[in-house]
There are 2 protein chains.
Amino acid sequence: MLKNTAKSALTKLPGETAGAGSRHLILETAARIFRHEGYAATSLRAIAAACNMKAGSLYYHFESKDQIVSEVLDIGVQKVFDSVKSAVQALAPGATLGATLHCAIEAHLRALLHAHDFTSANIRIFGQVPAPVRESHRMLRRAYENYWREMLEQLQRDGAIRAEADLQQTVYFLFGAMNWATEWYDDKRFDLKLVANQMADLVVLGLQAAPERASPELRPKQRKKQVS
Amino acid sequence: MLKNTAKSALTKLPGETAGAGSRHLILETAARIFRHEGYAATSLRAIAAACNMKAGSLYYHFESKDQIVSEVLDIGVQKVFDSVKSAVQALAPGATLGATLHCAIEAHLRALLHAHDFTSANIRIFGQVPAPVRESHRMLRRAYENYWREMLEQLQRDGAIRAEADLQQTVYFLFGAMNWATEWYDDKRFDLKLVANQMADLVVLGLQAAPERASPELRPKQRKKQVS
DNA sequence: GTCTATAATATGATAGAC
DNA sequence: GTCTATCATATTATAGAC
């Protein structure tokens with residue numbers, strides 16, 4: 001109604017979104033609202049309003065509400081996965097259990113809390129989205145879970161992790177401990193580096209094959225897994 | 001419309017709810033649907049239908065949807081809290097770190113997975129309920145968290161937990177690891193006792209003040225916390 | 001205690017103007 | 001690319017019959 005006379009000259013108003021970024025803005029806004037309100041309570045009108053748009057306009061960028069939620073879910077896992085993969089690849093080839101877990105845990109936590117709206121939305125609403133959306137997202141979750149389990153299995157084969165540790169369960173414990181940070185972590189109360197260190201220390205001491213606190217390098221590596 | 005002639009003689013039809021159990025049935029049903037659909041997507045019609053009732057009838061037992069969700073949230077925490085408290089109280093007074101954590105973790109997991117609909121609903125929808133509901137439930141959550149932190153602080157004062165461990169964070173890690181089991185635990189794939197043992201072993205080894213695998217009783221206790 | 005009927009409001013999605 | 005208007009449907013909660 002008011003002042004849309006000079007609109008055709010600009011592709012976009014300089015509100016808070018730049019250039020061709022409407023799609024990104026919608027996804028980020030949707031993630032934030034999904035996180036706080038849940039899947040069903042998040043209306044397209046609410047997403048649009050927070051983007052200074054109207055509900056009908058979202059359909060230019062997305063086919064449906066489910067397509068929006070699908071992309072939000074995938075982004076949440078993909079950002080963390082990418083962060084951990086590239087951090088672990090940068091490690092020296094024969095990195096110790098301690099170095100590997102410190103690195104992977106810190107990378108997971110850093111990406112988790114940096115893309116907070118996407119990751120928190122993912123954890124909170126995964127169980128609430130329509131079944132087809134959930135099933136198609138599940139593959140990516142499984143791939144990330146397998147990545148961690150295979151990393152731990154390699155360390156166990158090298159003798160760095162005690163043979164009795166069940167690594168499938170260990171991955172579940174770790175994911176639970178790390179992802180719960182979306183619910184309690186607060187910049188003002190904690191330092192991310194120190195949180196990562198606390199968690200890594202706990203897990204490394206809990207998993208390692210034998211006490212190696214004093215001089216990690218001097219211990220002979222055990223090969224093969226022990227038969228019970 | 002059909003056959004409600006002899007209704008006044010019975011207080012209740014023998015459907016699947018006994019005696020004065022309509023309230024309980026509604027709460028259990030609500031918890032199950034809240035868990036799967038989320039807070040907003042759970043309609044009173046859906047809860048009522050699953051109880052073989054009509055939406056309007058719920059208002060005889062509850063004042064509003066928010067009162068139902070409030071009670072569901074509280075029950076989820078209270079059942080776990082009660083279970084852990086009574087299991088820990090049954091321990092010998094000077095129980096070791098290992099005995100205490102094995103006991104508390106198993107009690108938490110057992111109640112968590114036994115009251116699965118209530119506990120899973122609690123974890124999933126806590127962030128989505130209206131603010132007044134969330135705030136009034138938060139006290140109970142905080143009380144349970146304090147219970148665990150104080151238990152760990154006592155063990156640290158006794159020298160059983162290494163002084164560098166941050167116990168506030170440890171409680172967050174533990175809660176995350178334990179509560180995530182609502183998302184992956186499956187009777188057919190796992191044995192609860194073994195899961196509790198795996199988790200307790202990991203945490204005990206990760207927290208203990210010094211390696212005491214061989215003979216826990218022989219180590220001298222350290223008093224006071226070390227100044228850094 | 002449970003029912004029917006209804007009030008007031010909100011939803012996802014579509015069509016077509018600009 | 002974004003808007004307005006609209007359809008068909010669903011929502012919580014209330015009132016009052018039985």
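Letters A, B, ... are given to chains in the order of the sequence lines, protein chains preceding strands, and every chain is numbered from 1.
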Using atom OH of A/Tyr60 as one end and atom P of C/dA17 as the other, report the distance to the nearest whole Å. 18 Å
Whole-Å distance separating the CD1 atom of A/Ile26 from the C1' atom of D/dG1: 10 Å
Which nucleotide wins on minimum distance to the side chain of A/Met53, given the candidates C/dT2, D/dT2, D/dA13? D/dT2
Rounded interatomic separation in angstrom, taking NZ from B/Lys65 and C1' from C/dT9: 14 Å
Distance to the ring centre below 6.0 angstrom and angle to the axis at most 45 degrees; does that hold for A/Arg149 and A/Tyr144? no
Check the phosphate of D/dT11 against B/Ser43, side-chain N and O only, distance under 4.0 Å to OP1 or OP2. Yes or no? yes
For the side chain of B/His61, starting at C-beta, report the closest nucleotide among C/dG12, C/dG1, D/dT4. C/dG1
B/Lys54 side chain: which of C/dT4, C/dT2, C/dT11 is closest? C/dT4
When rounded to whole Å, the CD1 to P distance for the pair A/Ile47 and D/dT2 reads 15 Å
Among the nucleotides D/dA13, C/dG12, C/dT2, whichever has the atom closest to the side chain of A/Tyr59 is C/dG12
In whole angstrom, what separates B/Leu25's CG from C/dG1's P? 14 Å
Is the A/His108 ring parallel, tilted or perpendicular to the A/Phe175 ring (thresholds 30°, 60°)? tilted
Using whole Å, what does the distance between atom P of nucleotide D/dT2 and atom CG of A/Leu44 come to? 15 Å
Rounded to whole angstrom units, what separation is found between the CG atom of B/Leu58 and the P atom of D/dA15? 17 Å
Do the rings of B/Tyr172 and A/Trp184 sit parallel, tilted or perpendicular, given the 30° and 60° boundaries? parallel
How far does CG of A/Leu167 sit from CD of A/Gln156, to the nearest 0.5 angstrom? 4.0 Å
Heavy-atom nearest nucleotide on DNA chain D for B/Glu63 versus A/Gly56: which residue maps closer to 5'? A/Gly56
From CD of A/Glu37 across to P of C/dT11 the rounded distance in Å is 11 Å
May I ask you to verify if any side-chain N or O of B/Ser22 is less than 4.0 angstrom from the OP1 or OP2 atom of C/dG1? no
So, B/Trp180 versus B/Tyr185, ring centres under 6.0 angstrom or not? no
Does the side chain of B/Ser57 get closer than 4.0 angstrom to OP1 or OP2 of C/dG1 through an N or O atom? no
